[in-house]
Amino acid sequence: MSRRATVLTHKAAAVLLALGAAASARAQTETGPDWYHAGNSLMDLSLAGLAGGPVDRVWYSADGGTLYALISSGKTFETSDFESWMPSQSTAPAAGDLASDGTLLPEQGARLKGFNGQRSTMYAFGAFVYRSQDGGSNWDNLTEYRSRSIIGGSVRDLAVSPRNPQEVTAATGDGVFRTLDGGKSWSGLNESLPNLPALRLWALPSGDRGAQIEIPGNRTVEWQPGEKQAWRLVNNPDVQLEAQLRAAAITAFAATTSGLLYTGSPDGTITVYTNAGSTLPFHPVSGGTVERFWVDPTDSRIALAVLGGRPANAIPGVPAPHVFHTVDGGSNWDDITNDLPDAAAHGVAASRASGAIYVATDAGVFYTRSDVGVLSVPSSWQKLGGLPQASVADVRLDSAENQLWAAVDGFGVYSTLAPHRLGDPAVVSAADLIRRAAAPGSLLSVRGAKVSSAS
């Protein structure tokens with residue numbers, strides 16, 4: 001392609017964008033942005049099968065043909081083919097544990113289950129799963145390998161199929177696992193179960209690094225470039241540091257190169273430390289846990305803080321604040337919650353140049369525009385549709401502020417063109433969405449509008 005052809009291509013694209021930008025903006029406002037799902041909801045934790053998030057209860061239907069699972073978020077799912085899960089309205093039955101009756105348990109506090117309530121074939125569970133075929137006189141450990149459970153964290157529940165004593169399903173801190181041969185072999189049943197426990201979005205794809213999220217247990221998993229199967233464990237020192245801070249009752253922090261350190265606490269108190277000392281602690285009325293900070297990378301005195309749900313001692317009738325803004329390094333904070341729904345906020349991202357603010361909440365991702373360089377009340381918050389109906393744990397913008405990323409609890413990570421780019425169309429490099437001169441033969445993309453055709 002000649003240089004002249006490249007220039008003409010840019011001009012043609014600009015004309016198309018000018019014609020289509022308004023219609024595209026209207027379409028995305030009505031239906032929500034087009035989100036791209038980065039990865040899936042499975043994790044490779046070196047267990048007997050691919051893992052998911054914590055599951056509290058499992059049980060079978062009376063005929064054993066359907067399996068139910070109650071995940072930690074409170075949602076119930078069911079499967080009849082033991083591969084695909086569907087939402088369920090079923091209510092978990094009573095636990096149905098067998099009484100110990102002086103039985104010698106394989107570990108302290110272990111619970112007992114039997115085939116149709118009988119004691120001839122019993123299973124015990126706690127840190128591991130055990131089996132006894134002589135009324136509890138002897139036990140075989142079914143899930144221990146090198147002092148570690150092959151089905152994940154502590155077993156929270158166990159269900160024996162009413163039609164086969166060899167078929168047993170376990171609910172653990174890492175998902176649902178099942179055996180068809182009395183515990184000789186196990187497999188995961190977590191595929192299609194939306195139960196990825198995303199707590200925070202730590203890193204975005206860049207070079208040979210993929211998206212990274214934090215999961216329970218102070219662990220980090222990454223969807224590596226070219227990955228097709230599952231999220232994989234990686235080391236992230238920042239996650240360990242935050243775990244230490246949480247142990248010291250610091251729920252959020254943001255360190256800056258200028259020396260300012262923003263810290264938040266479970267009761268909503270925000271304190272900013274400087275080289276000369278600290279600001280007076282700011283404690284909002286009816287404020288929940290401080291969940292996250294965003295600090296302007298060009299001026300660390302400008303910051304946003306988001307707070308979780310209402311604390312137990314909240315004043316009745318006083319709306320819970322969820323978003324605060326400072327322009328003087330924490331000496332003063334302005335409540336910009338405005339008409340944001342009263343839902344716990346977990347993450348925040350902003351663009352100083354465009355005035356865009358994004359907040360991740362239990363009710364989804366919300367977006368507004370405001371001059372973050374001055375104390376002001378933002379315009380109304382707008383919900384960004386298109387994501388699964390679930391709590392959003394975190395939200396981030398990439399370094400060029402072109403892509404918006406969200407970590408959705410249970411479902412994983414999604415990305416889309418940042419809505420504040422709508423109406424600001426540009427022809428950019430397809431590799432990183434940055435506007436730059438194009439060499440002949442370059443692969444280009446359109447940022448800021450949808451293009452249905454070009455010639």
Side-chain angles (χ1 to χ4, degrees), residues 35-58 68-79 83-88 151-154 156 170-178 187-205 209-236 239 242 291-292 344 346-347 360-365 386-396 404-416:
W35 293 91
Y36 167 74
H37 194 188
N40 56 26
S41 57
L42 294 170
M43 297 179 290
D44 186 351
L45 305 180
S46 299
L47 302 176
L50 295 177
V55 177
D56 292 335
R57 292 290 309 278
V58 286
Y68 301 89
L70 173 65
I71 64 177
S72 291
S73 66
K75 298 177 181 179
T76 301
F77 295 85
E78 65 179 67
T79 178
E83 292 182 359
S84 56
W85 292 89
M86 299 294 292
S88 175
I151 59 173
S154 60
R156 303 181 177 191
T172 79
D174 292 311
V176 182
F177 294 85
R178 175 171 171 248
S187 60
L189 293 183
N190 299 295
E191 190 169 355
S192 84
L193 183 63
N195 194 27
L196 180 68
L199 301 179
R200 182 169 182 180
L201 183 55
W202 271 102
L204 302 182
R209 183 194 66 203
Q212 293 183 3
I213 57 175
E214 180 181 351
I215 61 173
N218 304 320
R219 297 174 293 176
T220 306
V221 291
E222 177 181 331
W223 188 267
Q224 299 169 352
E227 179 63 55
K228 302 295 183 182
Q229 189 176 34
W231 296 81
R232 301 184 186 277
L233 287 171
V234 294
N235 180 47
N236 188 330
V239 173
E242 281 221 345
E291 299 267 355
R292 200 87 74 240
H346 305 293
T361 77
D362 281 347
V365 176
L387 287 172
Q389 296 298 313
S391 173
V392 182
D394 204 359
V395 64
R396 292 186 66 168
L404 178 67
W405 293 74
V408 183
D409 184 42
F411 294 88
V413 176
Y414 293 78
S415 68
T416 187

Quick check: closest heavy atoms across [X] and [Y], and the distance to 0.1 Å?
X	Y	result
V176	N190	N-OD1, 2.8 Å
V55	R156	O-CD, 3.3 Å
K75	Q389	NZ-O, 3.4 Å
F177	G188	CD2-CA, 3.7 Å
W85	E191	CD1-O, 3.5 Å
A171	V58	CB-CG1, 3.8 Å

Would you find a donor on one side and an acceptor on the other, under 3.5 Å apart, between the side chain of [X] and the backbone of [Y]?
X	Y	result
D56	L70	no
R209	L204	yes
T172	I151	yes
D44	R232	no
T220	N235	no
E214	L199	no
S41	G52	no
N236	R219	no

Step-by-step side chain to side chain contact (heavy atoms under 4.5 Å, CB included) determination, D394 to W202: CA-CA 9 Å; D394 204 359; W202 271 102; over 6 Å; no
So do the side chains of [X] and [Y] get within less than 4.5 Å of each other, counting heavy atoms only?
X	Y	answer
F77	P87	yes
R292	R200	yes
R57	T76	no
P205	W405	yes

As a quick check of understanding, evaluate side chain to side chain contact (heavy atoms under 4.5 Å, CB included) for T79 and L189, giving each step before the final call. CA-CA 10 Å; T79 178; L189 293 183; 5.6 Å; no
Atom pair [atom1] ([X]) and [atom2] ([Y]), whose distance is rounded to the nearest 0.5 Å:
X	Y	atom1	atom2	result
D174	S154	CG	OG	9.0 Å
S187	L47	OG	CG	12.5 Å
L233	I215	CG	CD1	6.0 Å
M43	Q229	CE	CD	13.5 Å

Start with the C-alpha gap between H346 and D362, add the side-chain angles, then the distance that decides, and say whether side chain to side chain contact (heavy atoms under 4.5 Å, CB included) holds. CA-CA 8 Å; H346 305 293; D362 281 347; 2.6 Å; yes
Are W223 and N40 close enough, and set up right, to give a side chain to side chain contact (heavy atoms under 4.5 Å, CB included), and what steps lead you there? CA-CA 9 Å; W223 188 267; N40 56 26; 3.3 Å; yes
Over 60° means perpendicular and under 30° means parallel, so tell me whether Y414 and H37 are parallel, tilted or perpendicular. parallel
